[in-house]
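The structure under discussion appears below in the form of structure tokens.
Numbering of residues begins at 1 and proceeds along the displayed sequence. No hydrogens, no waters, no symmetry mates; every other heavy atom, side chains included, goes into these values.
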Amino acid sequence: MAQIDVLNEQKKNIEVEKERVEKLLKDGAATQKQLDDITGGINVINSQMNSIKTQNSTVLSELEVLNVQIDQINDQIKKSYIKSPINGTVVEKYIEESEVATPGKNLFKIADLNKIELKAYVSGDQIGAIKLGQKVKVIFDKNKDENTETEGIVSCIASQAEFTPKIIQTKEERVNLVYAVKISVMNDGSIKIGMPGEVIFN
């Protein structure tokens, strides 16, 4: 656009000169050749301006294509950042730095250790007395001889019964059906994932 501005300025100056020569030609003080030369100069400037406008149009089209490509690359860069949906601690890594990861592959397991869930199993005759949001007492091992007590809240109750898992020790026969219940417990750092615990329902 700067080139066009320069040419416009030149054109204005030549047009002023042309008006002056036209007046002199009427008075016989200038020749037709002088006027033709000035008119030719204006035509040259007009051609140069048209050429620049055509070049600018092509450059603008190319610039638009490049801007689209830049937006696509920026979008790819944005998608390449790994962001966790929750605040937490990485408890397991499935891929190491510099390894190639395919789309959809799990990279790590993350857990919010500030809030731990204890999964307990209760029998059918107990499930009727348990409600969502109910406060319960949670007990876990502090050391070999002592236990630690804290408060938990019932966050989930299974809608269907299931067989008692083999790892669970209950007073009832293993063939009895039980319901899974999740207890949400605030963690001060003393509770670790996988620790056994007990629940006392009020």
Side-chain angles (χ1 to χ4, degrees), residues 63-202:
L63 183 62
E64 189 174 341
V65 172
L66 290 173
N67 282 332
V68 170
Q69 292 176 345
I70 289 170
D71 289 340
Q72 290 173 341
I73 291 171
N74 283 334
D75 185 56
Q76 290 174 348
I77 291 172
K78 186 178 178 182
K79 289 179 179 177
S80 69
Y81 287 100
I82 299 170
K83 294 183 179 179
S84 172
I86 62 168
N87 291 327
T89 302
V90 175
V91 294
E92 197 170 346
K93 287 170 66 176
Y94 302 124
I95 192 166
E96 295 297 327
E97 187 177 350
S98 300
E99 286 187 48
V100 177
T102 56
K105 182 177 181 179
N106 291 333
L107 303 179
F108 53 83
K109 182 192 287 186
I110 191 166
D112 181 5
L113 299 181
N114 293 321
K115 188 183 287 185
I116 298 288
E117 279 193 340
L118 171 65
K119 194 170 188 181
Y121 293 88
V122 298
S123 59
D125 58 348
Q126 294 175 307
I127 195 69
I130 301 171
K131 297 178 181 178
L132 286 174
Q134 178 181 343
K135 292 182 179 180
V136 297
K137 186 185 293 183
V138 176
I139 301 172
F140 59 94
D141 296 337
K142 182 177 183 180
N143 53 45
K144 186 178 179 181
D145 300 316
E146 295 179 288
N147 293 330
T148 299
E149 290 186 7
T150 186
E151 190 179 75
I153 296 176
V154 177
S155 59
C156 180
I157 302 173
S159 58
Q160 293 183 342
E162 57 187 273
F163 286 102
T164 308
K166 291 181 181 179
I167 61 169
I168 304 300
Q169 299 296 327
T170 62
K171 294 179 181 179
E172 292 85 0
E173 299 274 337
R174 289 195 184 280
V175 294
N176 288 346
L177 292 175
V178 294
Y179 291 82
V181 177
K182 289 183 180 178
I183 314 296
S184 180
V185 183
M186 295 305 295
N187 185 16
D188 60 1
S190 58
I191 305 175
K192 306 297 186 287
I193 293 176
M195 285 178 65
E198 298 177 28
V199 183
I200 299 176
F201 296 98
N202 298 329

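- Pairing each heavy atom of Glu149 with each of Ile139, the nearest pair is CG-CG1, 3.9 Å.
- Counting non-hydrogen atoms of other residues, nucleotides and ligands closer than 6.0 Å to CD of Glu99 gives a total above 12.
- Counting heavy atoms of neighbouring residues, nucleotides and ligands inside a 6.0 Å radius, atom CG of Asp71 exceeds 12 of them.
- Contact check for Tyr94 versus Lys109: side-chain heavy atoms found under the 4.5 Å cut-off.
- Nearest heavy atoms, Val154 versus Lys131: CB-O, 3.5 Å.
- Using a 4.5 Å heavy-atom cutoff, the side chains of Asp112 and Asn187 are not in contact.
- In this structure, Lys105 and Ile95 approach most closely via the heavy-atom pair NZ-CD1, 4.2 Å.
- One distance of note links CD1 of Ile157 with CD1 of Ile183; it measures 8.0 Å at 0.5 Å rounding.
- Rounded to the nearest 0.5 Å, atoms CD (Gln72) and CD (Gln69) are 7.0 Å apart.
- Between the Ser84 side chain and the Ile86 main chain, a donor and an acceptor come within less than 3.5 Å of each other.
- Across all non-hydrogen atoms, the minimal contact from Ala129 to Gln134 is O-OE1, 3.4 Å.
- Atom CD of residue Glu117 and atom NZ of residue Lys182 lie 5.0 Å apart, to the nearest 0.5 angstrom.
- Phe108 is listed as a side-chain neighbour of Ile82, based on a closest heavy-atom distance under 4.5 Å.
- Of the possible polar contacts, none joining the Thr150 side chain to the Val138 backbone as a donor-acceptor pair under 3.5 Å is found.
- Counting only heavy atoms from C-beta outward, the side chains of Phe140 and Leu118 never approach each other to under 4.5 Å.
- Atom CG of Asn67 and atom CG of Asn74 lie 10.5 Å apart (nearest 0.5 Å).
- Atom CD of Gln160 has 12 or fewer heavy atoms from other residues, nucleotides or ligands within 6.0 Å.
- The shortest distance between side-chain heavy atoms of Met186 and Lys115 falls below 4.5 Å.
- The two residues Val91 and Ala111 make their nearest non-hydrogen contact at CG1-CB, 4.1 Å.
- The minimum heavy-atom distance between Met195 and Ser190, with the atom names listed, is SD-O, 3.8 Å.
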